[in-house]
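Starting from 1, each residue takes its place in the sequence as its number.
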Amino acid sequence: MARNKYPEVTVEKILDVSQRLFLEKGYDHTTIQDIVDELGGLSKGAIYHHFKSKEDILNALGDRLFFKNNPFEEVKKRTDLNGLEKMKLAILLNQSNEEQASFSAHAVPLLKNPRILAGMLETNRRTLCPRWLELIEEGCRDGSIQTDYPKELSELMVLLDVWLIPSVFPGSAEEIFRRYQCSCEVLARMGLPIYDKKAADLIKNHPALQQDV
């Protein structure tokens, strides 16, 4: 077989097909062979050349969905906002990403895949905690946030976000919205008042959460 001159195109094609199948059939019910069958001529070896496993494909998909619409990069450009306002905007932008929310809510039953859940927590710890910490510390400097626990709150933000994922903590749209309200109240009492009506409305009415889990 000739060497692929455009490996990035192949990777994107594998990820596109995998994302569609994970959403249509679910992660557990999608096999590598299912992915091969939808790739129009690519072999199973071509997939394993780029990804060690189906789990590896899932991790790459999660990274692609995040960095495709990275809210932290967007808020960094906003010199007109203080630290707290940037945090609220980052949350709003993240909740506006229906593609990522739908994938997180429905593609993978995380409780049945503890290795994937552990991997997701580790990835979020490494990628999100430093970004939240940067914004919290900015808010402490400009006075929009008043807390003695910036690092701890950056970690709590990540844990509370996991609480909102239906495949980790099953619940109806109403129950998930109450979790959001509870999270905001807890954070506000610790000096981080992140509640935003626009973000709350998005969570409450998000299409990905309109069907009970």
Side-chain angles (χ1 to χ4, degrees), residues 12 15-16 19 22-23 58-108 110 117 119-142 144-145 147 149-169 173 176-177 179-188 190-209:
E12 287 301 305
L15 292 178
D16 286 342
Q19 181 175 341
F22 289 166
L23 284 170
L58 181 68
N59 290 336
L61 269 175
D63 288 344
R64 186 175 75 162
L65 287 169
F66 174 77
F67 288 108
K68 181 180 178 181
N69 295 286
N70 185 344
F72 295 97
E73 289 302 316
E74 186 66 28
V75 301
K76 272 186 179 181
K77 305 172 186 176
R78 297 293 299 271
T79 57
D80 58 318
L81 301 178
N82 60 37
L84 179 61
E85 290 168 337
K86 288 181 180 180
M87 289 191 74
K88 290 182 176 182
L89 179 57
I91 293 169
L92 181 63
L93 291 172
N94 186 58
Q95 293 301 327
S96 299
N97 188 347
E98 293 186 9
E99 181 183 27
Q100 183 174 358
S102 180
F103 188 78
S104 298
H106 298 302
V108 186
L110 291 169
L117 176 58
M120 183 196 74
L121 288 170
E122 171 61 15
T123 298
N124 288 353
R125 183 188 66 80
R126 286 188 290 101
T127 60
L128 299 182
C129 287
R131 289 172 167 86
W132 284 129
L133 179 59
E134 183 179 352
L135 293 179
I136 293 171
E137 289 179 335
E138 181 178 340
C140 289
R141 290 193 299 271
D142 64 37
S144 61
I145 296 172
T147 182
Y149 301 99
K151 184 175 185 296
E152 289 78 10
L153 285 176
S154 71
E155 296 169 353
L156 184 58
M157 288 280 294
V158 172
L159 291 175
L160 289 174
D161 191 46
V162 174
W163 191 31
L164 300 180
I165 300 175
S167 58
V168 180
F169 286 89
I176 292 166
F177 179 65
R179 292 175 197 165
Y180 169 74
Q181 291 178 305
C182 179
S183 298
C184 289
E185 186 171 334
V186 168
L187 292 169
M190 297 183 69
L192 189 58
I194 61 164
Y195 179 82
D196 181 88
K197 188 178 185 306
K198 289 182 179 179
D201 288 342
L202 277 174
I203 292 173
K204 190 173 185 179
N205 300 303
H206 205 292
L209 300 179

How far does CE of Met120 sit from CG of Asn59, to the nearest 0.5 angstrom? 10.5 Å
Side-chain contact test, heavy atoms from C-beta onward, threshold under 4.5 Å: evaluate it for Ile91 versus Asp196 and give yes or no. no
Would you give the length of the straight line joining atom CG of Leu58 to atom CG of Leu15, rounded to the nearest 0.5 angstrom? 10.5 Å
Report yes if some heavy atom in the side chain of Arg64 is under 4.5 Å from a heavy atom in the side chain of Asp16; otherwise report no. yes
In short, Phe169 meets Val162 closest at the heavy-atom pair CD1-O, 4.1 Å
Looking only at non-hydrogen atoms, find the nearest pair between Val158 and Cys129 and report the distance. CG2-SG, 3.6 Å
Give a yes or no on whether the backbone of Trp132 and the side-chain of Ser154 come within a donor-acceptor separation of less than 3.5 Å. no
From Leu128 CG over to Leu133 CG, what is the distance, rounded to the nearest 0.5 angstrom? 12.5 Å
Using every non-hydrogen atom in the two residues, find where Met157 and Met87 come nearest and quote the distance to one decimal. CE-CE, 3.9 Å
pair Ile136-Leu192: side-chain heavy atoms closer than 4.5 Å: yes
Under 4.5 Å between any side-chain heavy atoms of Gln19 and Leu23, yes or no? yes
Run the numbers on Leu160 and Leu187 for side chain to side chain contact (heavy atoms under 4.5 Å, CB included), then give the verdict. CA-CA 10 Å; Leu160 289 174; Leu187 292 169; 3.9 Å; yes
Passes side chain to side chain contact (heavy atoms under 4.5 Å, CB included), Val75 versus Leu81? Steps please. CA-CA 8 Å; Val75 301; Leu81 301 178; 5.7 Å; no
For the pair Asp63 and Thr127, evaluate side chain to side chain contact (heavy atoms under 4.5 Å, CB included) and give the outcome as yes or no after the intermediate values. CA-CA 10 Å; Asp63 288 344; Thr127 60; 5.8 Å; no
Drop me the distance from Ile145's CD1 to Cys140's SG, to the nearest 0.5 angstrom. 6.0 Å
Taking Asp142 for its side chain and Gly83 for its backbone only, find out whether a donor-acceptor pair lies under 3.5 Å. yes
Output the distance between atom CZ (Phe66) and atom OG1 (Thr123), rounded to the nearest 0.5 Å. 11.0 Å
Looking at Lys88 and Glu85, is there a salt bridge between them, counting it only when a charged N and a carboxylate O are closer than 4.0 Å? no
Heavy-atom pair of closest approach, residues Leu84 and Pro193: CD1-O, 3.7 Å
So do the side chains of Pro71 and Leu89 get within less than 4.5 Å of each other, counting heavy atoms only? no
So do the side chains of Leu93 and Asn69 get within less than 4.5 Å of each other, counting heavy atoms only? no
Would you check, one step at a time, whether the test side chain to side chain contact (heavy atoms under 4.5 Å, CB included) holds for Glu152 with Met190? CA-CA 10 Å; Glu152 289 78 10; Met190 297 183 69; 5.8 Å; no
Just do the salt bridge (charged side-chain N to carboxylate O under 4.0 Å, His left out) check on Arg141 and Glu138 with the steps written out, would you? CA-CA 5 Å; Arg141 290 193 299 271; Glu138 181 178 340; 5.0 Å; no
Euclidean distance, Arg179 CZ relative to Asp161 CG, rounded to 0.5 Å: 12.0 Å
